[in-house]
Amino acid sequence: MVYLSQAIASDEYALKENPKYVNKVVAPTMEPVKSIGGFRTLPDYSFETMPDDYAALVLIGGFGWTTPVAEQVEPFVRQAIEKGKIVGAICNEASFMAKCGFLNAVKHTGNGLEQLKIWGSGNYINSEGYVNAQAVSDKNIVTANGSATLEFAKELLLLLENDTPERIEMYYLFYKQGFCSLFSNQ
């Protein structure tokens, strides 16, 4: 999520004075949340206080998508899709989307077709919509496998129109390839 949140909050000089979007964290409660990397985050909203006026619902991956708490997220995803909001799902969250049947009408990817079939069981009926790619965007739904954080961010930034497509591509290439200098003999 670092690539996405950083691009939303800053430009090439530093923090944007007037960003188009603001990153907010939603969690089951207002209690601090510990990430898979060990970072503690204070939520901006709980499930009960989450506003309706958001541009995108971005669901991070990890191992919590098999827990009872994950089941509480399903109505938020369903509502976002019904309202035409952008929904992002990376890593095991893409598998959770398969489990809930949310990938049945879109092209998508995830941590492999077999994992989507296992998690999705009878609810996942769109294996022909699976694309073997790092990230896929279709009908306001972005899916990505767990190793595609940068590609995931790029697809979401394009849907959000966070900047021009050329600048988003430049941002993507900078982080994908690193800073490169070209030298010539002239």
Side-chain angles (χ1 to χ4, degrees), residues 1-100 102-103 108-111 119 134-137 139-163 168 171-172 175:
M1 299 311 292
V2 68
Y3 295 116
L4 179 62
S5 59
Q6 183 270 335
I8 297 251
S10 64
D11 57 23
E12 67 270 26
Y13 303 110
L15 293 179
K16 293 178 182 174
E17 286 186 38
N18 298 303
K20 186 173 183 178
Y21 302 104
V22 178
N23 298 307
K24 297 291 182 179
V25 175
V26 179
T29 69
M30 294 300 290
E31 294 298 314
V33 178
K34 188 175 180 183
S35 75
I36 194 170
F39 291 99
R40 291 196 183 276
T41 301
L42 293 175
D44 296 292
Y45 302 107
S46 70
F47 288 168
E48 291 180 2
T49 63
M50 182 178 152
D52 290 330
D53 64 340
Y54 58 90
L57 181 62
V58 181
L59 304 156
I60 60 174
F63 299 107
W65 292 104
T66 59
T67 67
V69 173
E71 302 303 320
Q72 297 175 36
V73 178
E74 183 178 355
F76 294 103
V77 177
R78 184 173 312 286
Q79 182 181 41
I81 292 170
E82 288 171 357
K83 290 183 174 185
K85 304 272 188 179
I86 295 168
V87 176
I90 188 168
C91 192
N92 284 340
E93 170 44 35
S95 300
F96 180 79
M97 295 274 286
K99 177 183 174 184
C100 298
F102 296 136
L103 302 180
H108 57 278
T109 194
N111 289 338
W119 279 53
Q134 289 290 89
V136 174
S137 176
K139 300 178 187 170
N140 279 356
I141 295 178
V142 177
T143 52
N145 69 45
S147 69
T149 55
L150 186 54
E151 292 80 5
F152 184 62
K154 176 185 172 186
E155 295 300 328
L156 285 165
L157 292 168
L158 287 168
L159 276 179
L160 287 165
E161 298 177 347
N162 190 62
D163 209 327
I168 292 170
Y171 172 83
Y172 169 76
Y175 285 102

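- Under the 4.5 Å side-chain criterion, counting only non-hydrogen atoms from C-beta, Leu159 is in contact with Val142.
- Two residues are said to be in side-chain contact when any heavy atoms from C-beta on lie closer than 4.5 Å; Gln134 and Thr109 fail this criterion.
- Residues satisfying the salt bridge (Lys or Arg N to Asp or Glu O under 4.0 Å) criterion with Glu74, sequence neighbours excluded, are Arg78.
- Between Val22 and Ile8, the closest heavy-atom pair is N-CG2, 4.3 Å.
- Annotation: side chain of Leu57 is not in contact with side chain of Lys85 (no heavy-atom distance under 4.5 Å).
- Residue Phe96 comes nearest to Ala70 through the heavy atom pair CZ-O, 3.2 Å, listed as atom of the first residue, atom of the second, then distance.
- The side-chain heavy atoms of His108 and Ile141, taken from C-beta on, include no pair separated by under 4.5 Å.
- Summarising the geometry, atom OH belonging to Tyr171 is positioned 7.5 Å from atom OH belonging to Tyr3; distances are rounded to the nearest 0.5 Å.
- Applying the salt bridge (charged side-chain N to carboxylate O under 4.0 Å, His left out) test to residues at least two apart or on different chains, none of the pairs has a partner in residues 17-45.
- Closest approach of Met30 and Pro43 over heavy atoms only: CE-O, 3.2 Å.
- Closest approach of Ser46 and Thr49 over heavy atoms only: N-OG1, 2.9 Å.
- Closest approach of Glu151 to Ser147, counting heavy atoms only: OE1-O, 4.4 Å.
- Contact of the Ile90 side chain with the Thr149 side chain is registered, since non-hydrogen atoms from C-beta on lie closer than 4.5 Å.
- From Ile36, atom CD1 reaches atom SG of Cys91 across 7.5 Å, with rounding to the nearest 0.5 Å.
- Put simply, the side chain of Val25 does not reach to within 4.5 Å of the side chain of Leu42, judged on heavy atoms.
- For Gln6, the CD atom counts as densely surrounded, since its 6.0 Å shell holds more than 12 non-hydrogen atoms of other residues, nucleotides or ligands.
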Quick one: do Leu59 and Phe76 satisfy side chain to side chain contact (heavy atoms under 4.5 Å, CB included)? Show the steps, please.
CA-CA 11 Å; Leu59 304 156; Phe76 294 103; over 6 Å; no

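- Across Ala80 and Val87, no two heavy atoms sit closer than the pair CB-CG2, 3.7 Å.
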